[in-house]
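After the structure tokens below, expect a handful of questions from me.
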There are 2 protein chains.
Amino acid sequence: MSLPHAILTALLEKPSSGLELTRRFDKSIGYFWSATHQQIYRELGRLEEAGLIRALPSEVPVRGQKKEYEVLPAGGTELARWVAESQDPKPMRDPLLLRIRAAGVVGPQGLGPELRRHLELHRRQLAQYEAIEEKDFPPGRDAVEDRLRRLVLHGGIALETFWLTWLEEALAEVGDMSGPQA
Amino acid sequence: MSLPHAILTALLEKPSSGLELTRRFDKSIGYFWSATHQQIYRELGRLEEAGLIRALPSEVPVRGQKKEYEVLPAGGTELARWVAESQDPKPMRDPLLLRIRAAGVVGPQGLGPELRRHLELHRRQLAQYEAIEEKDFPPGRDAVEDRLRRLVLHGGIALETFWLTWLEEALAEVGDMSGPQA
DNA sequence: GAGGACATGTAACACGTTACATGATTCA
DNA sequence: TGAATCATGTAACGTGTTACATGTCCTC
């Protein structure tokens with residue numbers, strides 16, 4: 001049950017409409033918890049129903065009309081409860097590792113290009129994170145909120161770095177035996 | 001669509017019944033693609049329907065009776081196709097990073113113990129991977145299949161190492177401000 | 001023959017994904 | 001007025017999760 005709490009977090013940072021939330025997910029929170037606009041609208045309805053958020057009463061609630069939400073006190077309480085909750089880490093679930101395992105059985109033909117493509121994609125993601133760090137977290141900003149957001153960003157950077165390192169190892173292992181030849 | 005291919009891989013390594021597959025997922029393939037027995041039975045039915053696997057004809061197919069499956073040629077072809085397929089890496093989806101972000105908004109109260117607990121769990125997982133490496137991959141075994149399975153295991157080890165490093169950083173940041181005091 | 005382990009399966013629901021539908025606003 | 005964009009929403013489906021149901025085999 002992470003999506004509702006991701007939405008509560010985003011709305012506490014700034015009250016927003018569904019589409020605004022979607023955009024903010026695409027470029028910030030979505031880096032570690034992505035969601036489509038359909039999921040977000042569905043969940044906004046549930047959160048409102050549950051009394052954790054409410055639509056700002058300024059506008060008439062017509063279809064096609066922008067509808068802004070803000071977090072109610074019960075929503076903040078629920079989010080704080082969830083932050084301290086005990087949740088076991090889920091085992092990783094990665095299709096690429098699975099494909100390497102499968103390649104051990106049916107052969108690594110065709111894997112080389114795919115590994116190189118992933119390597120490039122992770123390089124770009126890492127560059128993007130590093131740009132964010134440089135832009136949003138210059139040395140000196142040290143409020144609690146800044147420190148925690150930087151911590152999260154460091155997680156993303158370290159994860160991408162892991163992928164780069166591992167993909168290099170994978171290419172060294174697989175690259176030369178997965179070319180166009182049989 | 002990874003589960004069917006995880007099952008094809010497991011069945012190619014060794015024909016099995018549904019429950020045997022469930023056990024093998026719990027202690028091997030499931031480290032990077034977990035599945036419950038209900039998912040596995042459902043998927044075995046679909047794979048048989050699709051003509052990619054078949055039940056070994058030796059036993060009478062009665063409810064409660066063991067039913068072993070093996071991969072048909074079409075299943076091997078499909079798996080090889082999937083290995084070389086182009087699949088974008090999915091953005092990570094991690095509730096703990098999300099909770100840290102939320103803690104930036106509602107405060108990190110109660111996070112310390114949770115971080116320490118995760119740290120301990122990841123230490124154990126890492127130790128387990130290292131035990132597997134020592135037991136199943138002694139230096140010298142160099143068949144293609146061995147090399148690729150070792151590569152996957154190295155991925156798991158590096159990921160756990162990432163978590164340990166990052167959780168230490170997180171504790172340094174959060175540990176002292178999330179105690180029992182307000 | 002009763003209990004427990006083994007084994008397969010159903011049912012219901014939550015979450016995520018894709019495609020599409022509908023209405024409002026803006027601007028040429 | 002027509003097209004583009006903004007904005008909210010429905011519908012259908014696939015996967016993952018949880019709880020439970022049913023049947024067989026072994027052992028005491």
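Chain A is the first sequence line, chain B the second, and so forth, proteins listed ahead of strands; every chain is numbered from 1. The figures here come from the full heavy-atom set of this structure, side chains too, leaving out hydrogens, waters and symmetry mates.
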Subject >> Any A:S16 side-chain heavy atom under 4.5 Å of A:L11 side chain >> reply: yes
Original post:
A:E49 CD to D:dG9 C1': how many Å, rounded?
Top reply: 16 Å
**OP:** Would you kindly check whether a donor in the side chain of B:R46 faces an acceptor in the base of D:dG14, or vice versa, at under 3.5 angstrom?
**Re:** no
Original post:
Counting side-chain heavy atoms from CB outward, which of D:dT8, C:dT8, C:dT18 is closest to B:H37?
Top reply: C:dT8
Original post:
Between A:T161 (side chain) and A:I157 (backbone), is there a donor-acceptor pair under 3.5 Å?
Top reply: yes
Original post:
Roughly, in whole Å, what's the span from NZ in B:K67 to C1' in C:dC6?
Top reply: 16 Å
**OP:** Send over the distance from B:L44 CG to C:dA7 C1', rounded to a whole Å.
**Re:** 13 Å
Original post:
Any side-chain donor paired with an acceptor under 3.5 Å for B:Q125 and B:Y31?
Top reply: no
**OP:** Determine to 10° how strongly the helix from C:dG1-D:dC28 to C:dA28-D:dT1 is bent, judged from the axes of its five-pair ends.
**Re:** 10°
Original post:
Whole Å only: how far is the CD atom of B:E48 from the C1' atom of C:dG9?
Top reply: 14 Å
Original post:
Just wondering, do B:F32 and A:R101 contact through their side chains at under 4.5 Å, heavy atoms?
Top reply: yes
Subject >> Quiz item: A:R23 side-chain donor-acceptor pair to D:dT5 base, under 3.5 Å >> reply: no
Original post:
Hey, is the side chain of A:T36 poking within less than 4.0 Å of OP1 or OP2 on C:dT18, counting only N and O atoms?
Top reply: no
Subject >> Electrostatic pair B:E173-A:R150, nearest N-O below 4.0 angstrom >> reply: no
Original post:
NE2 of B:H5 versus C1' of D:dT15: gap in Å, rounded?
Top reply: 15 Å
**OP:** Give the rounded distance in Å between these two atoms: CG of B:D26 and P of C:dA7.
**Re:** 14 Å
Original post:
Below 4.0 angstrom from OP1 or OP2 of C:dG9, is there any side-chain N or O of B:Y41?
Top reply: no
**OP:** Using atom CD of A:Q38 as one end and atom P of D:dA7 as the other, report the distance to the nearest whole Å.
**Re:** 16 Å
Original post:
Taking DNA chain D as the partner, which of residues 81-99 of chain B come within under 4.0 angstrom of it by heavy atom?
Top reply: none
Original post:
Within the side chain of B:R54, is there an N or O that forms a donor-acceptor pair under 3.5 Å with the backbone of B:L72?
Top reply: no
Subject >> Electrostatic pair A:R124-A:E120, nearest N-O below 4.0 angstrom >> reply: yes
**OP:** Side chain of B:L19 only, please: which of C:dT8, D:dT18, D:dC6 is the nearest?
**Re:** C:dT8
Original post:
So, B:W166 side chain and A:G156 main chain: donor-acceptor pair closer than 3.5 Å or not?
Top reply: no
Original post:
Is the side chain of A:R99 donor-acceptor paired with the backbone N or O of B:E85 at a distance under 3.5 Å, no angle test?
Top reply: yes
Original post:
Does A:Q39 put a side-chain nitrogen or oxygen below 4.0 Å from OP1 or OP2 of C:dT17?
Top reply: yes
**OP:** Specify the residue among A:P4 and B:R42 whose closest nucleotide of DNA chain C lies further upstream toward the 5′ end.
**Re:** B:R42
Original post:
Please give, in whole Å, the distance from C:dA5 C1' to B:K66 NZ?
Top reply: 13 Å
Original post:
Going by distance alone, is a donor N or O of one side chain under 3.5 Å from an acceptor N or O of the other, for A:H118 and B:Q87?
Top reply: no
